[in-house]
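Reading through the structure tokens given below for one structure.
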Amino acid sequence: MNTTERPDSSGTVQNASDLPGQVVNTLDTCLAEAERPVPLHKPVFEGNEWGYVKECIDTEWVSTVGDYVDRLENDLAEYTGAEHAVVTVNGTAALHVSLRLAGVTPEDEVLVPALSFVATANAVAYLGATPHFVDSEERTLGLDPEKLGAYLDDIAEVRDGTCVNTQTGRPMKALVPMHAYGHPVALDALQEVAERYHLTLVEDAAESLGSLYKGTHTGTIGRLGALSFNGNKTITTGGGGAILTNDDDLADEALHLVRVAKEDHEWEYSHDQTGYNYRMPNLNAALGCAQLEQMPSFLERKRALAVRYQDAFADVDGVSFFTEREDTRSNYWLNVLLLDENVADRRDAVLQATNEADLMTRPTWQLLSSLPMYEDCPRMDLSTAESLERRLINIPSTPTLVDGSG
Ligand SMILES: *Cc1c(COP(=O)(O)O)cnc(C)c1O
């Protein structure tokens, strides 16, 4: 272990062997004004939330039909630049419907990151299809396009316009990049791989509302994209999500599917396929409209917090603060610390020390490829995802932490 001592910028001596203590001190300094305990990410309601929700109750429009549902869809389309947004009960539902619209059937495999929240793989499994796990790159924390391209060159083949896994014989229909913690993946390169292998690109943009790739909003570059408005995300509707697409027909089909595939009719109950009761209620949409109005203020403060962390952790040996890549703009949804490989064994000690100090931190997700229901699914070499899993720690990220009110 590295026990060299060196002065930090404030002139005090930091001992690299006390990594947990140093992380606690650094967080304590960055979050000096914040109330204890400091949560990882809590919702912030500073706008028109009460007024809009009250209006739903006053007018009795609380369920899946109402002005706020339509308004949130319009506001989201305008905010993201997508042609269409279809709001849903949660982000998982948005992803499920997106993959169904991408043509995923029970015979298929879908390429997903091993390093993601479980919903990414679950949405594939809901369709009876098989997740096929792909490695991440340290540069973005998301899918590694070069490694994926080389892997597909080895194991995949395009037959009659469909990509087939030559090892399992199953068609591979879609590729699902996920913008981890708000950091956009290398979309250009991934899109190239997707085109070469006839894979439909479906973005899991659940964590990246407000994040841009080369100036374009994440979730609008793939054929379909899924957003989440869960309580811990950048904005919340309580529970909620949205499907983004630039394709008029896909948008119509998405809307139809999330409204139990009911045909428009004044009184008849006529359903032309097995749809889903996935429509976002007006109450939740009202909350969403109020939240979306505050995005600029949330993003500005999250960025200020990230800058503060970046400066402070520059002086701590053994750990680095993850910053946005060139050509991208991150929403800094959940801030990320990466331990150096040689101190990865200190991760749990860092988690323990910070949580004991009332500073909420969390490890990244257990790799989906190692969860019991997915442990037999196909996968490529996952060495980078495995390394990130050992070294990644999320630190407090609520936007109000910079103004002391959070
Ligand atoms: C939050 C999240 C989802 C799902 O969103 P819910 O609204 O919780 O269903 C999907 N994928 C990722 C990567 C997420 O972080």
Side-chain angles (χ1 to χ4, degrees), residues 40-43 72 76 85-100 102 104 110-127 131 133-134 136 140-143 174-185 187 190 201-211 213 218-219 222 224-244 254 258 276-281 283-285 287-288 291-292 302 322 330-336 362-369 371 374 385 388-389 392 394 397:
L40 199 61
H41 202 292
K42 67 172 189 181
L72 181 58
L76 281 170
V86 174
V87 291
T88 57
V89 287
N90 57 52
T92 310
L95 203 52
H96 179 190
V97 170
S98 295
L99 287 171
R100 174 154 156 179
V104 174
V110 176
L111 294 157
V112 299
L115 186 70
S116 185
F117 177 61
V118 70
T120 316
N122 283 350
V124 175
Y126 293 167
L127 290 162
F133 295 107
V134 179
S136 298
T140 66
L141 308 176
L143 291 184
L175 173 62
V176 187
M178 192 279 284
H179 308 289
Y181 305 116
H183 294 285
V185 299
L187 275 168
L190 281 170
L201 200 66
V202 176
E203 291 177 75
D204 182 344
E207 304 181 353
S208 61
L209 183 71
S211 298
Y213 178 78
T218 52
L224 295 137
L227 301 175
S228 167
F229 312 121
N230 191 27
N232 63 348
K233 296 278 161 61
T234 301
I235 66 166
T236 188
T237 58
I243 299 162
L244 303 179
V258 304
Y276 309 98
N277 182 16
Y278 277 178
R279 190 78 171 135
M280 180 189 285
L283 265 177
N284 303 74
L287 209 50
Q291 288 268 285
L292 195 58
K302 287 174 80 66
F322 193 86
S330 175
N331 65 3
Y332 286 97
W333 168 52
L334 284 191
N335 288 298
V336 169
R362 287 290 180 264
T364 192
W365 312 283
Q366 194 180 324
L367 293 193
L368 303 182
S369 48
L371 298 177
Y374 300 128
L388 290 170
E389 181 189 27
L392 198 156
N394 289 124
S397 303

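Just so you know, ligand 1 is whichever comes first in the structure, and atom 1 is the first atom listed for that ligand. All values below were derived from every heavy atom in this structure, side-chain atoms included, with hydrogens, water molecules and symmetry-related copies excluded. Predicted, not measured: the structure shown is a model, and the values here were computed from it.
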Exercise for the section: Kindly indicate, with the supporting measurements, whether the criterion side-chain contact (heavy atoms from CB on, under 4.5 Å) is fulfilled by N394 and V336. Expected result: CA-CA 5 Å; N394 289 124; V336 169; 3.6 Å; yes
Practice task
Provide the number and element of each atom of ligand 1 under 4.0 Å from a heavy atom of N90.
Solution key: 7 (O), 9 (O)
Problem - Distance-only N or O hit between ligand 1 and K233, under 3.5 Å - result: yes
Exercise for the section: Return yes if a side-chain donor-acceptor contact under 3.5 Å exists between H183 and S330, otherwise no. Expected result: yes
Completion exercise
atom 5 (O) of ligand 1 sits nearest the protein heavy atom S228 OG, 3.2 Å
Exercise for the section: Please confirm whether Y213 and H179 have ring centers closer than 6.0 angstrom. Expected result: no
Problem - Check: S211 main-chain N/O paired with N331 side-chain donor or acceptor under 3.5 Å - result: no
Problem - Protein heavy-atom partner closest to atom 15 (O) of ligand 1 - residue, atom, separation in Å - result: E207 OE2, 2.5 Å
Practice task
Assess the pair W365 and Y181: is the distance between their ring centroids shorter than 6.0 Å?
Solution key: yes
Handout entry: Validation row: Y126, T92 side chains within 4.5 angstrom (heavy atoms)
Key = yes
Handout entry: Proximal atoms of ligand 1 relative to F117 (non-hydrogen, under 4.0 Å)
Key = 2 (C), 3 (C), 12 (C), 13 (C), 14 (C), 15 (O)
Problem - Minimum side-chain heavy-atom gap L368-P131 below 4.5 Å - result: no
Practice task
Return a yes/no value for F229: is any of its N or O atoms, backbone included, closer than 3.5 angstrom to an N or O of ligand 1?
Solution key: no
Completion exercise
If we number the atoms of ligand 1 from 1 as shown, the ones under 4.0 Å from a heavy atom of A119 are 3 (C), 4 (C), 10 (C)
Problem - ligand 1 contact by G240, heavy-atom criterion under 4.0 angstrom - result: yes
Handout entry: N/O donor-acceptor pair under 3.5 Å between T218 side chain and S208 backbone
Key = yes
Problem - Numbering as shown, the atoms of ligand 1 that approach A206 to under 4.0 Å (heavy-atom distance) - result: 2 (C), 3 (C), 10 (C), 11 (N), 12 (C), 14 (C)
Handout entry: Close approach, D204 and ligand 1, non-hydrogen under 4.0 angstrom
Key = yes
Problem - Step-by-step side-chain contact (heavy atoms from CB on, under 4.5 Å) determination, L141 to L388 - result: CA-CA 8 Å; L141 308 176; L388 290 170; 3.9 Å; yes
Completion exercise
atom 4 (C) of ligand 1: of T236, T88, V89, T92, the nearest heavy atom sits on T92
Fill in the blank from the handout: With heavy atoms and a 4.0 Å threshold, my read on which part of S116 contacts ligand 1 is side chain
Problem - Subset of ligand 1 atoms that lie under 4.0 Å from at least one heavy atom of M178 - result: 13 (C)
